[in-house]
There are 2 protein chains.
Amino acid sequence: MVDITFLLRKYGYKVTPQRVAIYEMLASTRVHPSAEMLFQTLLPQFPAMSLATVYKTMDIFKTVGIVTVINVGEESFRYELTTDHHPHLVCIRCRSVEDAIWSEGVDYKPWLLRQFDFILHTQQLFFYGICKICNDTEVR
Amino acid sequence: MVDITFLLRKYGYKVTPQRVAIYEMLASTRVHPSAEMLFQTLLPQFPAMSLATVYKTMDIFKTVGIVTVINVGEESFRYELTTDHHPHLVCIRCRSVEDAIWSEGVDYKPWLLRQFDFILHTQQLFFYGICKICNDTEVR
DNA sequence: TTGCTTGCAAAGTTTTTGCAGGCGC
DNA sequence: GCGCCTGCAAAAACTTTGCAAGCAA
C-alpha cells in the first residue's frame, strides 16, 4: 500500500480529490477496471467529473509506476495497481479478469537471455478460458 | 501451411484476390503486422484497396481459425497465422514482436484447474524487454 | 498569487457498419 | 444471374488534446 498523497507530491504533482479517489478505487477492487468503469464508479461521488481526468490520472500513475496497463484483447485498456508479477485469468464468457497467485512462477529471465539474447524487463501472462463461476452456472 | 482457397470454400466464403493476398502476406512475414501495416503493404498490388477489407478479412480468418489476434499494449491489434502456442518477445525500444520457440513450454492446464477451477482454452505470454538488435546497437 | 488541474468540447485513432456497384461461382 | 465482396464514406468506440476557469500550495 502506497501513500498516494506523499507519492504525488514527491513527483511534483498536486494532490486532488479526484486523483485520491481514483487511487482508492483501484486499491479497493480486483476487477481491473477500464477508464470507463472507473469513470462510472466515481460519477456519484464527482457528478461533474470527466473521462479525460481519468485518462490524465492514469498517465500520471503510469509515470509514477503505481499503475500497470493490461489489455486482454478488448477494445479498451484495463488498469491495476502495480504488484509483483502474476498471470491473469481472463474468462472468455463473462469477460472477468482475475489475478492468479504465482508462487510456483518460473523465472524466464535466464532462458530468454541465453536463447534469444533478450533482456527481460516485465512480462504479461494471460490465460483465456472459463472461470469457476461461469462453469458452475453453465446451462447443461 | 494451409490451402487458403480450399479453406475459404469449405466455410462458404468466396475466394478473392484480396483475401488470398492478405493470407500470403501473413504467411510470408514474421513481423506480426497490424491492419494498417497489411493495408500499406498491399496497396501497391491493390491500389484501390480499402482498410475495411483488411478488417473484414481478419474477421473471416479469425472465424476460420487461421489467424490469432495479439495485443502487446499498443493502440492497434496485430495479427499472425495461428500456430502452436509460443510466447512473444516484445522489444520496448523498437516495438518489434518476435516469436519465441517454446519447446520447454510448461503445461499450465492442470495447475489452473486445480488451483482456480479455471478451464484453460488458450494462453498468451508476452515478454517485454530489449531485443538482441537493440541491445547490440545501443549507444554506450 | 502562481501555475498545475479540471471539465468540457473538439479532434485524433482505430475499428465497425451500411450501401451501391462489382465479381466469384 | 444470384448473392457475397469490395471500396467508399459515415459512424462508432476509445483516447488525446486545447483551453478557460478553478483550486492546491
Side-chain angles (χ1 to χ4, degrees), chain A residues 3-23 25 32-64 67-79 95 97, chain B residues 3-23 25 32-64 67-79 95 97:
Chain A
D3 182 341
I4 187 63
T5 299
F6 175 79
L7 194 65
L8 285 171
R9 291 223 178 85
K10 175 180 166 192
Y11 282 86
Y13 296 111
K14 289 183 176 171
V15 178
T16 69
Q18 290 92 333
R19 287 174 182 170
V20 174
I22 291 173
Y23 174 80
M25 180 80 246
H32 309 79
S34 63
E36 181 68 31
M37 292 173 188
L38 285 167
F39 173 66
Q40 290 298 338
T41 308
L42 292 170
L43 211 45
Q45 196 178 341
F46 299 91
M49 176 175 247
S50 154
L51 243 185
T53 299
V54 177
Y55 283 111
K56 287 169 183 168
T57 302
M58 286 304 104
D59 268 347
I60 292 176
F61 285 4
K62 277 186 280 181
T63 304
V64 173
V67 152
T68 300
V69 184
I70 61 181
N71 187 299
V72 298
E74 298 168 319
E75 332 68 52
S76 53
F77 290 97
R78 287 163 174 259
Y79 305 92
R95 298 270 92 191
V97 179
Chain B
D3 182 342
I4 187 64
T5 299
F6 176 79
L7 195 66
L8 285 171
R9 292 222 178 86
K10 175 180 165 191
Y11 282 86
Y13 296 110
K14 290 183 175 168
V15 177
T16 69
Q18 290 90 335
R19 286 175 183 170
V20 174
I22 291 173
Y23 173 79
M25 180 79 246
H32 309 78
S34 64
E36 181 67 30
M37 291 175 188
L38 285 168
F39 173 65
Q40 291 297 339
T41 308
L42 292 171
L43 211 45
Q45 196 178 341
F46 298 92
M49 176 174 248
S50 154
L51 242 186
T53 299
V54 177
Y55 282 111
K56 287 169 183 169
T57 302
M58 286 303 105
D59 269 346
I60 291 177
F61 285 4
K62 278 187 278 180
T63 304
V64 173
V67 152
T68 299
V69 184
I70 60 181
N71 187 299
V72 299
E74 298 168 320
E75 334 66 52
S76 53
F77 290 98
R78 287 163 174 258
Y79 305 92
R95 298 271 90 193
V97 179

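To find a chain, count down the sequence lines: A is the first, B the second, and so on, and within it residues start at 1. Computation of the quantities below employed the complete heavy-atom set of this structure, encompassing side-chain atoms and omitting hydrogens, waters and symmetry-equivalent molecules.
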(message) For nucleotides 4-9 of chain D, give me one character per nucleotide, 5' to 3': B if any protein heavy atom sits under 4.0 Å from the base, S if the only such contacts are to the sugar-phosphate, - if neither.
(response) BSBBB-
If you measure from [atom1] on [X] to [atom2] on [Y], what distance do you get to the nearest 0.5 Å?
X: Met37(A); Y: Met25(A); atom1: CE; atom2: CE; result: 10.5 Å
X: Leu8(B); Y: Phe61(B); atom1: CG; atom2: CZ; result: 5.5 Å
X: Ser34(B); Y: Tyr79(B); atom1: OG; atom2: OH; result: 8.0 Å
X: Arg9(A); Y: Leu7(A); atom1: CZ; atom2: CG; result: 11.5 Å

Atom [atom1] of [X] and atom [atom2] of [N]: how far apart are they, to the nearest Å?
X: Glu75(A); N: dT17(C); atom1: CD; atom2: C1'; result: 16 Å
X: Asn71(A); N: dT14(C); atom1: CG; atom2: C1'; result: 13 Å
X: Lys62(B); N: dT15(C); atom1: NZ; atom2: P; result: 9 Å
X: Arg9(A); N: dT5(C); atom1: CZ; atom2: P; result: 12 Å
X: Phe77(A); N: dC14(D); atom1: CZ; atom2: P; result: 12 Å
X: Leu43(A); N: dT6(C); atom1: CG; atom2: P; result: 16 Å
X: Leu51(A); N: dT5(C); atom1: CG; atom2: P; result: 19 Å
X: Leu38(A); N: dT15(D); atom1: CG; atom2: C1'; result: 14 Å

(message) Closest approach to the side chain of Tyr55(B), judged atom by atom: which nucleotide of dC25(C), dT14(C), dA25(D) is it?
(response)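 Nucleotide nearest to Tyr55(B)'s side chain: dT14(C).
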(request) Would you mind reporting whether Lys62(A) and Val69(A) have side-chain heavy atoms less than 4.5 Å apart? (result) yes
Would you tabulate the side-chain donor-acceptor contacts of residues 47-56 of chain A under 3.5 Å, counting partners in other chains and residues two or more places apart, or write 'none'?
residue, atom, partner, partner atom, Å
Ser50(A), OG, Ala52(A), N, 2.9

